[in-house]
*Asks:* 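Once you've had a glance at the structure underneath, I'll fire off some questions.
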Amino acid sequence: MTQVERHTYDVVVIGAGGAGLRAAIEARQRGLRTAVVCKSLFGKAHTVMAEGGVAASMGNANSNDNWQVHFRDTMRGGKFLNNWRMAELHAKEAPDRVWELETYGALFDRTKDGRISQRNFGGHEYPRLAHVGDRTGLELIRTLQQKIVSLQQEDHKETGDYEAKIKVFAECTITELLKDGDKIAGAFGYWRESGRFILFEAPAVVLATGGIGKSFKVTSNSWEYTGDGHALALKAGATLINMEFIQFHPTGMVWPPSVKGILVTEGVRGDGGVLRNSDGKRFMFDYIPEVFKDKYADNEEEADRWYTDPDNNRRTPDLLPRDEVARAINSEVKAGRGSPHGGVFLDISSRMPAEEIRRRLPSMHHQFKELADVDITAEPMEVGPTCHYVMGGVEVDPDTAAAKVPGLFAAGEVAGGMHGSNRLGGNSLSDLLVFGRRAGTGAADYVDGLTDRPEIAQSDVDKAAAGAVLPFDPRGGGVEENPYTLHSELQQSMNDLVGIIRKAGEIRQALQKIDEIKARIPNIAVEGHRQFNPGWHLAIDLYNMILVSECVAKAALLREESRGGHTRDDHPAMNANWRNKLLVCSTDGTDVSVVEQPQLPMRQELFELFEIGELEKYYTGEELAAHPGRKA
Amino acid sequence: MTVGINAPGRARISVRNLRTDRWWLPPLLTNLGLATFVIYATVRSFMGQWYWVNDYHYLTPFYSPCISESCVPGSSHFGQWIGELPGWIPMGFLALPFLLGFRLTCYYYRKAYYRSVWQSPVACAVAEPRVKYSGETKFPLILQNLHRYFFYVAGLVAVINTYDAIVAFHSPDGGFGMGLGNVILLVNVIMLWGYTLSCHSCRHIAGGRLKHFSAHPLRYKLWTLVSKLNVRHMQLAWITLGTLVLTDLYVMLVASGAISDLRFV
Amino acid sequence: MGYKAQFRVWRGDDESGELRDYVIEVNEGEVVLDIIHRLQATQAPDLAVRWNCKAGKCGSCSAEINGKPRLLCMTRMSTFDEDELITVTPMRTFPVIRDLVTDVSYNYTKAREVQSFTPPPDLKPGEYRMQQVDVERSQEFRKCIECFLCQNTCHVIRDHEENKEAFSGPRFLMRVAELEMHPLDTADRRDTAQDEHGLGYCNITKCCTDVCPEHIKITDNALIPMKERVAGRRYDPVVWLGNKLFRRSSKKS
Ligand SMILES: Cc1cc2nc3c(=O)[nH]c(=O)nc-3n(C[C@H](O)[C@H](O)[C@H](O)COP(=O)(O)OP(=O)(O)OC[C@H]3O[C@@H](n4cnc5c(N)ncnc54)[C@H](O)[C@@H]3O)c2cc1C
Ligand code: SF4
Ligand code: SF4
Ligand code: FES
Ligand code: FES
């Protein structure tokens with residue numbers, strides 16, 4: 001029998017980013033004993049890296065804004081593949097969630113009349129992103145962290161124990177979800193620090209583990225993004241949707257090599273920065289897709305006027321949705337008009353005074369100064385696409401965030417559906433808050449409705465433990481493998497073969513590579529002992545990355561069209577017949593299977609929020625029959 | 001050693017610090033600078049002569065205000081309130097303790113001498129020599145909190161110094177006159193104002209204590225101004241030590257007849 | 001470019017440890033964290049180091065390089081000479097766990113002791129109105145990425161383990177200042193700053209400010225103003241006299 005530390009909770013939240021913390025706050029406020037588990041220190045989750053802002057139609061900057069407009073923008077951005085119910089809830093509830101943060105102590109930048117200031121961002125019709133300079137994610141996570149502290153202080157007053165009702169287990173990695181029959185019964189993991197095992201017995205688990213970017217070579221994501229939550233859900237019997245849709249952010253740093261991929265916030269363009277090629281040309285005017293022609297300016301003069309007079313001018317194409325911009329940059333570089341290090345130029349220095357740049361974009365200024373020795377107030381930045389966000393994730397019920405497995409919930413980047421084929425900037429932070437809270441309530445309702453608590457079988461614990469220590473004692477019998485080598489091979493092939501532009505042949509090659517790596521994984525051998533051993537940690541994360549990469553590649557192979565974060569060179573057009581088809585991944589334990597599943601049709605009154613002319617670009621004729629514009 | 005940097009549980013590293021730069025240089029320079037000033041100021045304060053140039057009405061700041069009957073006629077701008085002083089009491093006794101107190105409790109000087117004289121710490125991440133430390137929580141260092149009080153008085157003294165500098169526009173025949181000495185006195189006084197107004201207590205009083213700047217636009221402006229000066233507080237602290245010495249030296253040299261004032265008017 | 005650099009990295013745990021020498025390749029544009037990662041991938045697979053963002057945003061990779069507290073990911077190799085020996089150790093104020101990883105729980109304990117934001121009880125979400133000029137001071141402090149380098153450098157606890165009990169450190173004194181200056185916070189934090197968080201221990205020697213990777217003016221903008229506020233409440237003779245004479249309560253404006 002394995003030695004494990006045991007804890008009993010009502011709800012275990014895996015992940016301490018925006019989604020996880022918001023879920024935990026909700027569960028605790030509903031009176032449940034809640035544990036928050038995270039791989040890094042408390043307050044370091046990936047959410048701290050978010051820069052630009054959180055989207056919510058508060059209408060502070062432009063009073064024409066409301067949830068309907070936000071909803072339309074979100075659906076448009078996702079090319080109408082979004083789960084419309086999630087997009088609806090998101091648009092409706094985001095303002096309340098942002099205002100709530102102020103009651104926790106957040107300090108957003110202000111408008112003249114003292115309300116929350118909002119900025120422009122790609123794909124959003126009005127200035128909609130509440131922000132704090134360019135460190136909004138930090139504000140968000142710190143605020144939630146401090147709210148947790150404040151709840152702990154309440155508990156301390158009442159019981160003398162800060163951790164009576166809510167406790168953070170930092171630097172603790174969950175490796176398996178455990179079930180009792182078909183229901184969630186708990187989670188198993190290890191302390192990174194000591195390598196010792198830990199078991200949570202809990203009827204409800206909320207996954208809020210973020211994304212999968214570390215499977216790609218050039219990425220804005222940190223080491224935490226190994227797709228753990230996606231893999232945990234799959235292994236527990238839940239399903240993933242939309243895994244073929246991966247957002248490549250158009251502007252990542254390209255030089256020096258060691259920082260390649262680090263994000264340059266879209267706020268640079270929102271505040272006036274423009275993209276140029278090596279000829280100095282603002283090339284985005286050449287890449288406005290047909291569906292966006294009436295929303296985006298086709299000449300520089302109008303585009304520049306838009307910054308000050310958005311009501312009478314069309315917006316600049318520099319702010320097209322991310323997938324469009326990323327593809328445009330890719331084409332410019334391919335056509336030989338790139339910058340010296342294989343990107344394009346992003347220029348803000350010629351567009352506003354140095355002082356203004358330093359004030360509006362302090363951390364970008366700092367980042368380029370410190371990491372690339374570039375002064376962005378004096379020279380342009382070099383930027384190129386970087387793997388940024390996964391639209392795909394756990395298939396959940398929109399209202400409760402419940403996954404297919406009873407007792408399992410998911411929110412944040414790990415959940416799928418909300419963003420369709422492409423996420424708009426700023427829609428993630430709001431997503432975290434809206435669905436983080438809903439996952440908290442969903443879990444609380446579920447636990448309240450249970451009559452008896454599920455039990456964990458000791459054999460399951462032993463199995464989980466044995467799996468975790470495998471790398472110390474490889475069974476494969478082949479040549480010993482180094483986890484770092486395998487990881488970089490995987491990253492390279494995902495990057496090259498299932499990257500921003502895809503082809504059937506290349507994806508098949510990637511799948512072969514994945515199979516090969518899968519076969520080599522049992523031979524991974526790590527040195528040293530279990531105490532804070534990064535080699536061992538990586539070996540464990542690799543299982544998850546492989547599983548998730550297989551989903552991505554298989555789904556990408558099946559979807560024979562180009563849409564949002566999925567571009568097929570061999571099927572370059574968007575195909576209306578694919579619009580309402582979701583690709584659903586599941587696993588039987590060894591192999592991943594992907595099947596098609598139709599999307600539920602949009603509720604009529606939401607459907608009617610769109611002009612028939614717009615819908616025609618995305619929908620098939622039959623689907624539009626019920627639209628009033630068609631009936632008339 | 002099992003205390004301080006080698007307390008139980010911490011990484012076992014035998015060296016006290018691993019810094020490879022010349023971290024000892026700034027505190028050394030500070031010590032030299034402070035020592036020079038203290039020696040000079042002490043000597044001059046007790047010297048009891050060459051502090052007043054009657055022809056041009058130059059009065060050194062070290063002797064201002066001069067309010068005893070020991071002061072040479074003319075140098076007492078505010079009258080002579082008490083009798084002769086014994087030689088061991090400096091003639092500037094009224095202001096000097098406050099000026100000393102002001103600078104001793106000044107947030108910048110505190111940093112400077114805590115670091116260089118007291119070596120607590122001598123440089124960042126360099127272990128300090130003493131085992132016990134209670135900071136400014138106990139007597140006597142808790143008195144550092146009186147800085148604001150010294151600031152109020154220092155403000156008064158700056159007014160007096162300003163007056164001294166103005167009445168010094170004087171020629172031997174009684175009319176308006178101006179020489180190099182005036183320029184020096186004036187620069188000194190401006191720098192003294194700069195130093196005094198850039199004080200952290202001043203910043204607090206000017207507006208820093210407010211919660212809502214928006215409700216007090218004037219004080220917000222004031223605070224912004226003081227804040228701008230405050231960034232230069234360290235520079236001003238050193239500059240004023242320099243200008244004080246220079247002013248006094250000049251007055252001494254002219255008063256003793258070693259040099260003669262360069263007259264413009 | 002590309003050259004071989006001399007590295008000396010502390011390896012060990014809470015019981016013993018040593019500085020170990022490595023010779024390792026360095027390429028153009030790299031930071032110290034890249035080199036540590038290369039060590040992991042090639043020579044020392046079990047070398048423990050904390051990091052997340054590699055962009056100076058999360059404050060995980062704090063350590064000491066050539067004796068100076070710094071972020072590993074924001075220290076560029078080009079700041080060193082090619083033949084310079086580069087020594088990397090864990091932070092020396094906190095208990096070590098392994099190699100470059102320390103136990104920073106002290107900081108979380110202190111964070112929990114700062115009374116949280118206390119808004120006016122009747123103010124509803126969505127009704128908060130604050131002016132930009134009023135939030136700016138606190139916003140500066142909210143730039144903090146909780147790297148704890150300031151806590152690590154502060155001699156009050158670095159050199160005096162026993163003070164950890166009474167002193168919250170610059171990061172959390174700054175948090176008190178942040179709330180004290182928050183336009184909608186209603187709590188008076190001057191007494192607790194002094195009595196519970198040990199503001200008096202700070203002798204304003206500014207090492208916290210010197211090492212802060214976010215360039216927050218911790219001492220000038222948080223600690224000294226806090227000391228002034230405390231002085232205003234407890235030690236200002238004029239205020240004291242005024243209160244005596246006019247029986248004013250020490251109300252805050
Ligand atoms: C550079 C950058 C800038 C961005 N800017 C914006 C922006 O301006 N606006 C916007 O809306 N979005 C932005 N995003 C996207 C957004 O930040 C993320 O999608 C979002 O923060 C994800 O939050 P989350 O709560 O889902 O997960 P995260 O914040 O990533 O948290 C994941 C948590 O799960 C934990 N975890 C993971 N696996 C395990 C495991 N096995 N066991 C235990 N714990 C685990 C991690 O430790 C972590 O605590 C940006 C992203 C990046 C990378
Ligand atoms: S200024 Fe104060 S808090 Fe900062 S390092 Fe020095 S003693 Fe510590
Ligand atoms: S104040 Fe600066 S040094 Fe201190 S924890 Fe925050 S960011 Fe780090
Ligand atoms: S005089 Fe230096 S702070 Fe007041
Ligand atoms: S890794 Fe995030 S600050 Fe260095």
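Values reported hereafter were calculated over all heavy atoms of this structure, with side chains retained and with hydrogens, waters and symmetry mates removed. Lettering follows sequence order; numbering is per chain, from 1.
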*Asks:* Could you look at C:R76 and say if it's the side chain, the backbone, both or neither that has a heavy atom under 4.5 Å from chain A?
*Replies:* side chain

*Asks:* Side chain from CB out, backbone as N, CA, C, O: work out which of these in C:R142 comes under 4.5 Å of a heavy atom of chain A, or both, or neither.
*Replies:* both

*Asks:* Which bit of C:P120 is near chain A, if near means a heavy-atom gap under 4.5 Å: side chain, backbone, both or neither?
*Replies:* neither

*Asks:* By a 4.5 Å heavy-atom criterion (distance strictly below it), what part of C:D34 contacts chain A: side chain, backbone, both, or neither?
*Replies:* side chain

*Asks:* Pick one of side chain, backbone, both or neither for C:H37, based on which atoms fall under 4.5 Å of a heavy atom in chain A.
*Replies:* neither

*Asks:* Name the region of A:D109, side chain, backbone, both or neither, that has any atom closer than 4.5 Å to a heavy atom of chain C.
*Replies:* both

*Asks:* How about residues 136-144 of chain A versus chain C: which residues have heavy atoms under 4.5 Å apart?
*Replies:* A:L138, A:E139, A:R142, A:T143

*Asks:* For a 4.5 angstrom cut-off between non-hydrogen side-chain atoms, does C:P45 reach A:Y484?
*Replies:* yes

*Asks:* Less than 4.5 Å to any heavy atom of chain A: does that hold for the side chain of C:A111, its backbone, both, or neither?
*Replies:* backbone

*Asks:* Looking at C:C58, C:S78, C:P119, C:C73, which one has more heavy-atom pairs under 4.5 Å with chain A than the rest?
*Replies:* C:C58

*Asks:* Please look at A:W536 and chain C and tell me whether the side chain, the backbone, both or neither of the residue comes under 4.5 angstrom of a heavy atom of that chain.
*Replies:* neither

*Asks:* Which region of C:V101, side chain (C-beta onward) or backbone (N, CA, C, O), has a non-hydrogen atom less than 4.5 Å from a non-hydrogen atom of chain A, or is it both or neither?
*Replies:* side chain

*Asks:* Please flag which part of C:V104 lies under 4.5 Å from any non-hydrogen atom of chain A: side chain, backbone, both or neither.
*Replies:* side chain

*Asks:* Measure from NZ or CZ of A:K44 to the centre of the six-membered ring of C:Y108, then state whether that distance is under 6.0 Å and the direction lies within 45° of the axis.
*Replies:* no

*Asks:* Between A:R135 and C:I145, is there a side-chain heavy-atom distance shorter than 4.5 Å?
*Replies:* no

*Asks:* Got a donor-acceptor contact below 3.5 angstrom from the A:Q367 side chain to the C:A55 backbone?
*Replies:* no

*Asks:* Could you look at A:Q152 and say if it's the side chain, the backbone, both or neither that has a heavy atom under 4.5 Å from chain C?
*Replies:* side chain

*Asks:* Please identify, among C:K54, C:E113, C:M74, C:R50, the residue contributing the most non-hydrogen atom pairs under 4.5 Å to chain A.
*Replies:* C:R50

*Asks:* Name, in order of residue number, those residues of residues 93-102 of chain A that have a heavy atom at a distance of less than 4.5 Å from a heavy atom in chain C; otherwise write 'none'.
*Replies:* A:W99, A:E100, A:E102

*Asks:* Side chains of C:R112 and A:E163, heavy atoms from C-beta outward: is any pair under 4.5 Å?
*Replies:* yes

